[in-house]
Amino acid sequence: MATVGLESKTFEKFADVVGHDDDLNYLNHDHSVLSWLFTLDHKRIGLLYLVTITLMFLLGGALAGAIRLELLTPKGDFLTADTYNKAFTAHGIIMLFFFLIPSIPAVLGNFLVPLMIGAKDVAFPRLNLFSYYLYFAGSVIALTALLLGGVDTGWTFYTPFSSTYSNSYVIVMAVGLFVVGFSSILTGLNFIITVHRMRCPGLTWFRLPLFIWGIYATSVVQLLGTPVIAVTLGLLGVERTLGVGIFDPRLGGDPILFQHLFWFYSHPAVYIMILPSLGVTSEVIATFSRKNVFGYHIIAFSSIAIAVFGFIVWAHHMFTTGISPYAAMVFSLLTFSVAIPSGIKVFSWLATMYGGSISFGTPMIYAFGFLGLFTIGGMTGLFLSTLGTDIHLHDTYFIVAHFHYIMVGGAIMGYMAAIHYWWPKMTGRLYSEFWGKLSAGITFIGFNFTFFPQFILGYLGMPRRYYEYPDEFQVLNVFSTAGATILAVGYLMPLVYMPYSFFFGEKANSNPYGGSTLEWTNTTSPPSPHNFEKTPVVTEEPYHYHAKEAAVVSH
Amino acid sequence: MSAIKETVQDHGQHHHKDLAHHFDTLEQQHDANTLGMWAFLLTEVLFFGGLFAAYTIYRYKYSAMFEEASNHLDIKLGATNTVILILSSLTMALAVRCSQTGNSLWTGRWLLITIAFGLMFLGVKYFEWKHDYHIHLMPGKDWSGKDWWHWQYAKKAKDMEKEAHSKGSAEHSFPDRKDVLADNDPSLGVRGIQESQQARLFFLLYFCMTSLHALHMLVGFVLIGIIAYFAYQGAYSPDYYSPVENIGLYWHFVDIVWIFLFPLLYLLGAHMGH
């Protein structure tokens with residue numbers, strides 16, 4: 001796909017400014033291994049994260065495969081009950097803390113935040129590298145816990161099981177999460193300061209690309225939420241080693257306190273995963289519709305609103321624990337209110353596409369997948385925020401399906417859209433559109449096959465976290481496992497054609513999709529080590545497609 | 001082409017020696033560094049916040065026992081430490097002031113004096129913790145389950161201390177463990193266990209919060225030491241003093257945490273007369 005549509009002339013002009021011949025760029029200016037391991041360049045750090053989290057994703061995916069294989073038949077025949085507990089715990093921990101939370105912020109946030117705001121780097125480059133190594137160390141510790149024998153508490157570490165009864169490696173895993181949590185905090189801190197203090201001249205808050213708004217909102221959640229889980233895991237460790245009862249009712253403690261502290265972070269953590277994807281979707285839809293984003297301001301504010309609401313809805317995970325009914329009603333109402341900014345976003349994207357000149361590049365196909373799956377995930381969330389239906393659906397496969405629609409259907413589709421959209425910028429190469437679209441299609445189909453049956457299973461009463469189930473649930477479980485196989489194919493395909501394109505792909509120009517933000521218009525593909533030849537000055541809002549169309553027409 | 005113009009300024013020109021390559025001006029660098037520290041302190045507030053939330057809930061649930069347990073802490077030592085820490089904040093503020101006026105020598109000196117006050121604080125804390133350990137207030141593995149005699153031991157130790165005090169002797173002995181065990185009245189059973197558990201929660205929070213605070217002080221010593229070294233090397237000037245200012249912010253935060261810990265842990269139920 002070369003430069004697209006009406007404004008190709010304009011963008012070629014930009015390309016002339018920045019030049020797109022084989023200059024020295026951030027990838028080839030130094031080839032030594034040490035120059036990668038000790039790099040302070042935000043773009044290289046982004047790629048370090050990309051490699052590491054891809055490995056974690058493969059591990060988490062393999063564990064999901066083991067879980068689905070066990071659930072193919074009603075009897076336990078592939079895993080023992082104990083191994084099954086450890087498998088779903090490891091799947092949850094790896095996918096949430098080591099893949100989804102760092103996915104878009106750490107890979108694309110690192111790569112794009114300075115580029116999109118016209119800065120030479122993030123505010124604290126050394127801290128940025130340190131965050132990567134904290135992530136790496138946390139991953140090593142967590143993998144050690146798995147190799148020693150794993151953890152069987154579920155990713156939620158509910159007390160008093162985790163503090164008193166579990167005989168698995170809870171403390172090692174808690175240390176790993178503690179460390180990786182600080183990586184997340186420091187990354188968020190870095191982005192917040194970068195957005196506040198490093199914007200280029202003329203780039204006011206309301207000229208920021210919506211991806212930056214998404215990352216900013218995410219970073220605030222990372223900064224304010226993560227320390228709470230850190231101290232909670234610390235207390236869990238103290239209780240487990242000293243045998244004191246801060247969460248153990250037998251010793252005067254309160255297990256519900258653990259759940260409150262845990263969800264105070266872990267609910268906002270869901271928004272750490274989804275907010276960046278919402279930002280990506282805004283970028284992709286604007287570029288591939290060749291239109292101004294409809295309702296720019298309200299989309300930006302709705303990201304902030306989601307981050308704020310995210311902090312005041314945590315107890316909806318605890319409706320069945322016997323919390324006060326008045327508290328439950330308030331939390332239920334607040335949970336419903338999250339639907340408002342989410343809905344605003346979806347309708348704004350639809351309005352952006354309306355009347356646009358839509359082209360169906362791979363990132364756009366992924367973004368379409370995101371739209372559909374995120375909407376289903378969001379709507380089924382309303383079933384669960386309703387107090388009455390939540391009692392029926394709590395701890396069933398309905399919940400499992402719901403949060404996979406948000407986290408896999410939403411967050412990972414958004415991540416895939418982002419990787420495909422910015423791949424030419426990151427590598428200077430174009431991947432095969434044919435294979436890209438095929439993988440987007442297969443992922444979408446495989447995903448729905450895997451998780452839609454689980455809504456029905458949950459509604460019929462199949463509980464989560466058991467390795468056996470009654471015979472009558474088998475048909476839908478076979479559907480689900482078959483779908484997981486298709487989904488796996490969809491995810492494995494990019495692992496072939498993306499690296500292939502890195503070495504053999506067609507060279508990309510500086511702006512192959514006709515994007516309108518600074519990383520497209522003012523840098524080469526791949527960018528030079530210092531990003532911009534000259535500090536850009538911004539004089540307009542982003543997504544100024546109308547102005548360009550007018551300019552080209554009058555020309 | 002209306003959207004983006006290029007400026008003539010190129011990076012790498014006229015750079016101040018303290019200006020990192022990715023910033024344009026010293027002001028921008030200073031603002032970024034200071035805002036970064038404030039954001040970090042916000043994270044720290046939430047980090048301690050988990051403990052404060054746990055404290056609030058258990059104090060509400062077990063307020064009577066929290067007051068009684070608080071009576072076992074030494075209010076005089078706590079107050080002394082509060083004064084020491086406030087003084088250390090003063091010397092830190094003086095260090096920041098000296099770095100702003102370009103007085104490198106006194107920047108370094110005030111920083112070292114700040115560390116000295118911090119060490120005094122931890123010295124006092126050491127003797128406090130040691131005493132707590134001797135009268136069985138330190139939660140641990142042998143404090144678990146039905147071993148509620150520890151709390152009885154602490155109560156007895158306090159009585160003996162008071163008795164010795166009223167006789168005017170500074171010396172007092174600790175109760176014998178066997179006596180406490182022998183004293184156990186079986187009818188006290190359930191109540192004794194509950195009291196012991198609630199007191200234990202108080203002391204658990206006391207030790208977690210004060211040791212987390214002490215850990216922050218230790219980290220502070222290292223950082224202040226490094227910055228004092230650079231101050232003596234003349235690294236800071238009125239143009240570039242944000243490291244000193246930031247370590248100052250950190251230290252004041254550590255101080256403020258203690259300002260909250262002292263009344264919440266030591267001053268429950270006003271035991272000044274004891």
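Sequence lines set the chain letters: A, B, ... in the order given, protein chains first and strands last, and positions in each chain run from 1.
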Checklist outcome for this item: Rounding to 0.5 Å, atoms CG (A:L242) and CE (B:M138) come to a distance of 10.0 Å
Checklist entry - Passes side chain to side chain contact (heavy atoms under 4.5 Å, CB included), A:D254 versus B:Y58? Steps please. => result CA-CA 9 Å; A:D254 190 346; B:Y58 289 124; 3.4 Å; yes
Checklist entry - Take atom CZ in B:F221; do more than 12 heavy atoms of anything else shown fall under 6.0 Å from it? => result yes
Checklist outcome for this item: Rounded to the nearest 0.5 Å, the CG atom of A:L251 sits from the CD atom of B:Q198 at a distance of 12.5 Å
Checklist outcome for this item: Residue from B:A32, B:G50, B:A54 scoring the most non-hydrogen pairs under 4.5 Å with chain A is B:A32
Checklist entry - Do B:Q197 side-chain atoms and A:R250 backbone N/O form a donor-acceptor pair below 3.5 Å? => result yes
Checklist entry - What part of A:A119 gets closer than 4.5 Å to chain B, counting heavy atoms only: side chain, backbone, both or neither? => result neither
Item to check | chain A contact via B:L35 - side chain, backbone, both or neither, heavy atoms under 4.5 Å | outcome: both
Next on the checklist: Let's go through A:L223 and B:F40 carefully: what are the C-alpha distance in whole Å and the side-chain angles of both, what is the deciding distance for side chain to side chain contact (heavy atoms under 4.5 Å, CB included) to 0.1 Å, and is it a yes or a no?
Outcome noted: CA-CA 8 Å; A:L223 188 78; B:F40 177 72; over 6 Å; no
Checklist entry - Tell me, do B:H21 and A:H530 make a side-chain contact under 4.5 Å, heavy atoms counted? => result yes
Item to check | Check: A:L235 and B:L204 side chains under 4.5 Å, non-hydrogen atoms | outcome: no
Checklist entry - Would you say A:F130 has more than 12 foreign heavy atoms packed within less than 6.0 Å of its CZ? => result no
Checklist entry - Which of residues 187-200 of chain A get closer than 4.5 angstrom to chain B, counting heavy atoms alone? => result A:L189, A:I193, A:H196, A:R197, A:M198
Next on the checklist: I'd like to verify something: which residue of A:L186, A:T226, A:L224 has the highest number of heavy-atom pairs under 4.5 Å with chain B?
Outcome noted: A:L224
Next on the checklist: Heavy-atom count check: over 12 atoms from other residues, nucleotides or ligands less than 6.0 Å from A:F206 CZ?
Outcome noted: yes
Item to check | Enclosure of B:W38 CH2 (heavy-atom neighbours >12, cutoff 6.0 Å) | outcome: no
Checklist entry - Does CZ belonging to B:F262 count more than 12 external heavy atoms closer than 6.0 Å? => result yes
Next on the checklist: According to side chain to side chain contact (heavy atoms under 4.5 Å, CB included), who are the partners of A:D121, at least two apart in sequence or on a separate chain?
Outcome noted: A:H42, A:P125, B:H22
Item to check | side chain to side chain contact (heavy atoms under 4.5 Å, CB included) between A:V238 and B:F207, intermediate numbers included | outcome: CA-CA 11 Å; A:V238 167; B:F207 280 106; over 6 Å; no
Item to check | For the student: nearest non-hydrogen atoms of A:G245 and B:L201, plus distance | outcome: O-CD2, 3.7 Å
Next on the checklist: Counting only non-hydrogen atoms closer than 4.5 Å, does A:F182 touch chain B with its backbone (N, CA, C, O), its side chain (CB onward), both, or neither?
Outcome noted: side chain
Next on the checklist: Please give me the minimum heavy-atom distance between A:F264 and B:L46, naming the atom from each residue.
Outcome noted: CE2-CD1, 4.1 Å
